There are 2 protein chains.
Amino acid sequence: MTGGYLKGRIRREDIITTAVAVYAEAGYHGSSLREIARRVGITHAGLLYYFPTKESLLAAVLERRDAEDTERERLAVPPGREALAHLVALAEHNVRHPGIVDVYARLAAEAVAADHPAHDYFERHYRMAREYATASFRVLAARGELRAGVDPEHAGLNLVALMDGLQVQWLSDGTAVDLVGALRFYLQDLLTVPLD
Amino acid sequence: MTGGYLKGRIRREDIITTAVAVYAEAGYHGSSLREIARRVGITHAGLLYYFPTKESLLAAVLERRDAEDTERERLAVPPGREALAHLVALAEHNVRHPGIVDVYARLAAEAVAADHPAHDYFERHYRMAREYATASFRVLAARGELRAGVDPEHAGLNLVALMDGLQVQWLSDGTAVDLVGALRFYLQDLLTVPLD
DNA sequence: CCTACCGATCGGTAGG
DNA sequence: CCTACCGATCGGTAGG
């Protein structure tokens, strides 16, 4: 009777995917379980059968993102020039999928509040992103591929901040902001060798 | 009988100041007129006597910010090296007043949604900020004070994005992020003369 | 500015 | 998974 389990797993994934879309439109606090459930085609009480609280659904959304990110980035490419090039590729991917960008830009801003249920997640997320970026610049510096005077720590922090900030402006007005071009310019300007 | 008008004006300002604080904690959609009114010491119906809708209060908050910014920045310093140095000073000021940073980081993220009441405000705000930054880099370039190969347009967009992104990380975890140092590093690295 | 109220919506629970 | 419900809260209005 694994059929029952399979159906439940598919339904759970369906709910998470729908939640991502609704969070993108309304933020976490602005989203309702009833709206998410309606799009899935069940009642909000039915949704609570799968996720017992609103917060537990948010946790599941963030866990999925972590799983995807870990698979795509951290394990796939060690810190270095290639990792930075991959980051540009990720930005290109995101530009073609605005929904993904939207959710995390909104959640990150909501979660600066210390009592937000996703606060710890984003604090950890940012710390790891900074360390990964900084490590990449250190590798470049050791190979003499980093322009003289560039501090890996500052460059790493600024890279993560830049990606976030570009996303907000690009979401606000996509026609006025060349997200990928600006990111590529920032990175190439720091290197003494071609980025890719 | 201007006393009545004066009292009303003071009360209005009081409501706006309180709204800024509540928006910082809960965002715009997460804030309630009742909570803002409670802190002011009136009922939510009383608040609606001064601001007939929730949205009209948000508009008043943004208008005040515009007035402050215009006075402090646009008119005071023409685009150029000094304008960039002033931007660092503004960041130093903001770091000492986290509440201000908090509201606008939250609102900007909420307002990427096209139907958000502050959407147009932020679209305009970002466009003007980009133009001001870009103009500053153009002035530097004309004087030979911009490092070779630096595109003023990219540098301007990236400066605005960087400030936004740094603010979110700094709000998330103030102990781990040197906002002013990172901003100063970014700017100094683009110039061939001392920033200040 | 207040009291008193409206319809709508929220997250969550009981019981099946 | 659903029906039916709970207490709480929301923005806004009437009438003073």
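All values below come from the heavy atoms of this structure, side chains included, with hydrogens, waters and symmetry mates left out. Values in this document were obtained by computation on a predicted structure and should not be read as measured data. Lettering of chains follows the sequences in order, A, B, ..., and the numbering in each one begins at 1.
- For DNA chain D, the stems formed by at least three consecutive Watson-Crick or G-U pairs, with both atom-pair distances below 3.5 Å, span C:1-16 with D:1-16.
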Exercise for the section: Just do the side-chain contact (heavy atoms from CB on, under 4.5 Å) check on B:K54 and B:Y28 with the steps written out, would you? Expected result: CA-CA 9 Å; B:K54 189 185 185 187; B:Y28 169 70; 3.6 Å; yes
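- Note: CG (B:L57) to C1' (D:dC10) measures 15 Å, nearest angstrom.
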Exercise for the section: Please assess A:E25 against A:R39 for the test salt bridge (charged side-chain N to carboxylate O under 4.0 Å, His left out), listing each intermediate value before the final yes or no. Expected result: CA-CA 13 Å; A:E25 290 174 26; A:R39 297 199 197 182; 3.0 Å; yes
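- Annotation for A:T175 and A:D173: closest pair OG1-OD1, 2.9 Å, computed over non-hydrogen atoms.
- Salt bridge absent: A:E153 and A:R130 never bring a charged side-chain N and a carboxylate O closer than 4.0 Å.
- Residues A:V168 and B:V168 are not in side-chain contact: their nearest non-hydrogen atoms beyond the backbone lie 4.5 Å or more apart.
- The stretch residues 112-120 of chain B does not touch DNA chain D, since none of its heavy atoms comes less than 4.0 Å from the strand.
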Problem - A:E123/A:R127 under side-chain contact (heavy atoms from CB on, under 4.5 Å): CA gap, chis, key distance, verdict - result: CA-CA 6 Å; A:E123 203 173 302; A:R127 187 166 35 74; over 6 Å; no
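- Proximity of A:L190 to A:L84: side-chain heavy atoms (C-beta onward) are nowhere separated by under 4.5 Å.
- At least one donor-acceptor pair closer than 3.5 Å links the side chain of B:E110 to the backbone N or O of B:H29.
- Between the CD1 atom of B:I36 and the P atom of D:dT9 there is a distance of 16 Å, rounded to whole Å.
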Practice task
Apply ring pair (Phe, Tyr, Trp, His ring centres under 6.0 Å) to the pair B:H116 and B:F122, showing each step before the final yes or no.
Solution key: CA-CA 10 Å; B:H116 192 283; B:F122 277 100; 8.0 Å; no
Problem - side-chain contact (heavy atoms from CB on, under 4.5 Å) between B:H125 and B:Y104, worked out - result: CA-CA 11 Å; B:H125 176 82; B:Y104 296 100; over 6 Å; no
Tabulate below the donor-acceptor pairs under 3.5 Å that side-chain atoms of residues 45-52 of chain B make, not counting sequence neighbours, or state none.
none

Handout entry: Under 4.0 Å protein heavy-atom contact, by nucleotide of nucleotides 11-16 of chain D - B base, S sugar-phosphate only
Key = BBB---
Contacts under 3.5 angstrom, residues 92-103 of chain A side chains, donor-acceptor by atom type, not counting sequence neighbours:
unit_1, atom_1, unit_2, atom_2, d
A:E92, OE2, A:R184, NH2, 3.2
A:H97, ND1, A:H93, O, 2.9

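- At a non-hydrogen distance threshold of 4.0 Å, nothing from residues 14-26 of chain B comes into contact with DNA chain D.
- Taking OH of A:Y132 as the start and CZ of A:F137 as the end, the distance is 11.5 Å to the nearest 0.5 Å.
- For the pair B:Y50 OH and C:dC2 C1', the interatomic distance rounds to 12 Å; values are reported in whole Å.
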